[in-house]
> 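What follows is a single structure, and I will ask about it in a moment.
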Amino acid sequence: MRWRLLSAVFLVMTLVAAACGDDDAATTTTGAAESCEIADLTLVTPGVLTVATGEPAFPPWVGTPDGENFDTPESGTGFEAALAYALAAEMGFSSDQVVWVRTGFDEVITPGDKNFDFNLQQYTITAEREQVVDFSDPYYSNAQALVAFPDSAVAGATTFADLKDAKLGVQVGTTSLDYIEQVIQPTAQAAVYDTTVDAKSALEAGQIDGLVVDIYTAYYITAVEIEGSVIVAEFETPAAAPDEFGLVFAEGNPLRACVDLALAALRADGTLEALEDQWLVGAGGLAVISG
Amino acid sequence: MTLTPIERVERRGPRLLWPRRSPRTHEEGARGALIAAISTLVVFGGVIALVLSSDAWPRVQRQFFDWTHFKASFPKVLSGFWLDVEMFIIAEALILVIGLAVAMARSLRGPAFFPLRIITIGYIDLARGLPLLLLILLMGFGIPSLQLPGVPNSALFWGVAALIFSYAAYTAEVYRAGIDSVHESQRMSARSIGLTQTQSLWYVVVPQAVRNVIPALLNGFVSLQKDVALVFVLGVREGLREADIYNARTFNYTSYIAAAILFLLVSVPVARFTDWYTDRERHRMQAMSS
């Protein structure tokens with residue numbers, strides 16, 4: 001029931017956003033048309049849009065959920081890969097003019113010039129990160145979810161109180177840790193892992209009861225990475241702390257304004273929503289854990 | 001009083017070839033200090049000036065040396081660092097004991113001890129040959145996954161166990177070098193007065209051996225102090241991991257500087273102590289031989 005309500009609210013918001021987006025696109029295209037010509041853009045390699053993602057890049061962000069085109073953003077399959085090509089097309093680039101480079105998650109935060117125009121690998125927009133790099137407008141809103149084995153102590157959890165004594169694990173550099181510490185607040189400190197592989201091992205070794213990850217990582221983990229694991233539930237996202245993904249730009253990169261325009265246009269004409277529907281499994285039907 | 005050139009050299013030492021360790025007069029000391037100060041100033045000043053003059057320095061400073069981030073991350077890093085301290089103290093105590101036992105087992109002679117020697121050699125080869133990170137992952141995740149009854153499944157426990165497993169092998173080799181450095185006549189003499197092989201090792205050879213290898217043991221200890229941080233791969237929230245978490249959250253590296261300072265605060269005193277001890281031993285040996 002709760003989910004229905006949330007979905008309805010989300011739908012209304014999307015429609016409103018879409019309506020607003022229309023206006024934006026209409027008013028700004030005339031003013032910014034000149035500066036957003038390919039020839040005028042500040043690009044790492046002139047005439048080419050250099051896009052960065054992780055290595056390897058996982059479905060559903062890159063490649064199809066059944067494993068086809070795994071780690072092949074050039075295929076344009078997967079939500080982020082498809083979004084990158086949609087943005088490129090919106091900005092006037094042909095598919096051949098999109099070049100992919102790979103970066104580690106941390107590499108993006110080293111001082112110095114970047115070797116990409118923008119980077120997309122599920123970077124959550126936070127105020128702290130915004131001091132070091134620039135983010136685009138959000139292209140996706142995310143929720144946290146709990147992954148565990150069906151026989152785990154947390155398998156039947158429905159409230160935060162049920163997780164009070166749980167030993168939870170997260171992957172480093174995700175907002176899931178903040179979510180555990182600020183919202184769930186279990187007694188035991190959450191364990192922090194470098195990779196999902198390590199977290200999986202800890203889960204199998206019985207060192208943690210469950211894993212907190214964002215919902216679409218949860219779909220991938222349960223479907224592909226950790227055999228036998230299930231999504232116990234998704235967590236209620238507090239309205240004050242939305243978890244939204246943004247494209248990362250080098251600090252002060254003027255390209256951002258043009259990419260934001262393209263993103264607004266994709267949102268306005270429904271492309272963004274269509275891509276979500278195509279690549280990201282609908283999150284309905286999951287139980288919700290709340291306070 | 002006239003001295004021959006050779007007597008003069010003998011008296012003051014071969015100055016040009018071997019600068020003396022401690023200056024003999026205040027004047028020379030003052031001059032030496034001045035030269036040291038100037039050369040230090042030139043070298044370090046030059047490097048610092050070069051770094052600070054870079055256009056990108058303010059950005060680097062903000063990324064790595066930001067006081068606000070330092071203050072914000074330090075309490076978390078410190079709380080995690082205490083776990084590092086506990087780990088390396090407990091691990092070192094067991095490493096010293098196990099390493100010595102292994103070295104002694106390997107030093108026992110005679111055909112009856114052959115299987116023991118084979119086992120210790122196999123263990124040392126294995127533990128030294130495998131990357132420490134693999135050992136930690138293998139023991140930290142692998143053993144608990146077997147779900148054997150009565151075996152702890154704590155990541156922290158097995159992480160420290162892996163460190164001990166690896167370091168005890170290196171330490172055994174250090175001890176063995178020490179045991180080999182004790183002259184054969186010591187062992188012979190001990191045997192000749194009726195001590196058994198084990199007794200002569202324990203009462204005669206080992207005390208001299210340990211004394212010879214203390215600097216090497218301390219060196220291993222310093223190395224361990226940093227390597228304990230590797231258990232962070234098992235999800236353990238020690239100091240370096242806390243710094244890592246802060247870095248991932250804020251995109252700022254200053255938290256690693258906070259961790260580095262803490263690690264230096266424990267390793268530098270041990271290094272200076274090693275120097276002091278080595279010096280003292282050398283003086284002792286020189287006193288004995290003259």
Side-chain angles (χ1 to χ4, degrees), chain A residues 104-114 119 123-135 149 151 167-182 188-209 211 248 250-252, chain B residues 54-66 68-69 72-73 76 79-80 83 133 136-148 151-159 230-238 240-256:
Chain A
F105 198 89
D106 292 345
E107 220 177 296
V108 177
I109 56 181
T110 46
D113 295 332
K114 305 282 189 257
N119 193 324
Y123 281 106
T124 299
I125 303 169
T126 68
E128 287 150 330
R129 288 174 176 178
E130 214 140 17
Q131 291 174 357
V132 188
V133 292
D134 283 350
F135 284 104
F149 288 120
D151 59 353
K167 179 83 180 147
L168 300 173
V170 293
Q171 198 179 337
V172 71
T174 62
T175 44
S176 307
L177 181 60
D178 296 330
Y179 191 81
I180 292 177
E181 289 179 348
Q182 285 156 25
Q189 214 177 25
V192 177
Y193 302 95
D194 279 331
T195 60
T196 328
V197 185
D198 292 341
K200 173 194 173 183
S201 302
L203 210 54
E204 284 170 346
Q207 290 163 348
I208 51 174
D209 299 316
L211 201 55
V248 173
E251 197 175 13
Chain B
S54 158
D55 288 341
W57 167 247
R59 199 164 45 169
V60 172
Q61 186 185 24
R62 209 169 60 214
Q63 278 283 283
F64 288 89
F65 305 101
D66 186 300
T68 320
H69 281 295
S73 62
K76 275 275 186 188
S79 73
L83 184 60
L133 195 60
I136 290 173
L137 288 170
L138 200 63
M139 290 172 77
F141 287 144
I143 297 177
S145 289
L146 297 173
Q147 295 176 342
L148 303 171
V151 174
N153 77 344
S154 152
L156 182 61
F157 177 90
W158 287 109
L230 280 175
V231 302
F232 82 110
V233 294
L234 301 177
V236 174
R237 299 277 290 272
E238 52 70 59
L240 197 62
R241 176 57 100 193
E242 292 292 352
D244 187 33
I245 292 169
Y246 187 87
N247 162 259
R249 187 177 282 166
T250 61
F251 287 19
N252 190 289
Y253 290 98
T254 309
S255 55
Y256 285 121

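Residue numbers begin at 1 in each chain, while the letters A, B, ... track the order of the sequences. Since this is a predicted model, take the numbers as computed values, not measurements.
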> How long is the gap from CD on A:Glu251 to CZ on B:Arg62, to the nearest 0.5 Å?
5.0 Å
> Drop me the distance from A:Glu128's CD to B:Tyr246's OH, to the nearest 0.5 angstrom.
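A:Glu128 atom CD to B:Tyr246 atom OH measures 6.5 Å (nearest 0.5 Å).
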> How about A:Val192 and B:Phe232: do any of their side-chain heavy atoms sit closer than 4.5 Å?
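Answer no - side chains too far apart.
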> How are the rings of B:Phe141 and A:Tyr193 set relative to one another: parallel (under 30°), tilted (30 to 60°) or perpendicular (over 60°)?
tilted
> Quick check on A:Ala190 against chain B: is it the side chain, the backbone, both or neither that has a heavy atom closer than 4.5 Å?
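It is both, since atoms from each part get that close.
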> Applying side-chain contact (heavy atoms from CB on, under 4.5 Å) to B:Thr250 and A:Thr126, what does each step give before you reach the verdict?
CA-CA 8 Å; B:Thr250 61; A:Thr126 68; over 6 Å; no
> A side-chain contact here means heavy atoms from C-beta on lying under 4.5 Å apart; do A:Val172 and B:Arg241 qualify?
yes
> Could you work out, with salt bridge (charged side-chain N to carboxylate O under 4.0 Å, His left out) as the rule, every residue matching B:Arg237, not counting sequence neighbours?
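With sequence neighbours excluded, B:Arg237 shows a salt bridge (charged side-chain N to carboxylate O under 4.0 Å, His left out) to A:Glu181, B:Glu242, given in chain and number order.
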> Which region of B:Leu146, side chain (C-beta onward) or backbone (N, CA, C, O), has a non-hydrogen atom less than 4.5 Å from a non-hydrogen atom of chain A, or is it both or neither?
neither
> At a 4.5 Å cut-off on heavy atoms, which part of A:Glu130 comes close to chain B: side chain, backbone, both, or neither?
neither
> So which part of A:Ser201 gets closer than 4.5 Å to some heavy atom of chain B, the side chain, the backbone, both or neither?
both
> For chain A, which candidate among B:Ser145, B:Gly140, B:Ala56, B:Gly142 shows the most heavy-atom pairs at distances under 4.5 Å?
B:Ser145
> Please answer whether the main-chain N or O of B:Ala248 pairs with a side-chain N or O of A:Arg129 as donor and acceptor at a distance below 3.5 Å.
yes
> Does a side-chain heavy-atom distance below 4.5 Å link A:Leu177 with B:Arg249?
yes
> Nearest 0.5 Å, what's the CG-CD distance between B:Asn252 and A:Gln131?
9.0 Å
> Which class fits the ring pair B:Phe251 and A:Tyr123: parallel under 30°, tilted 30 to 60°, perpendicular over 60°?
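Answer is perpendicular, since the angle exceeds 60°.
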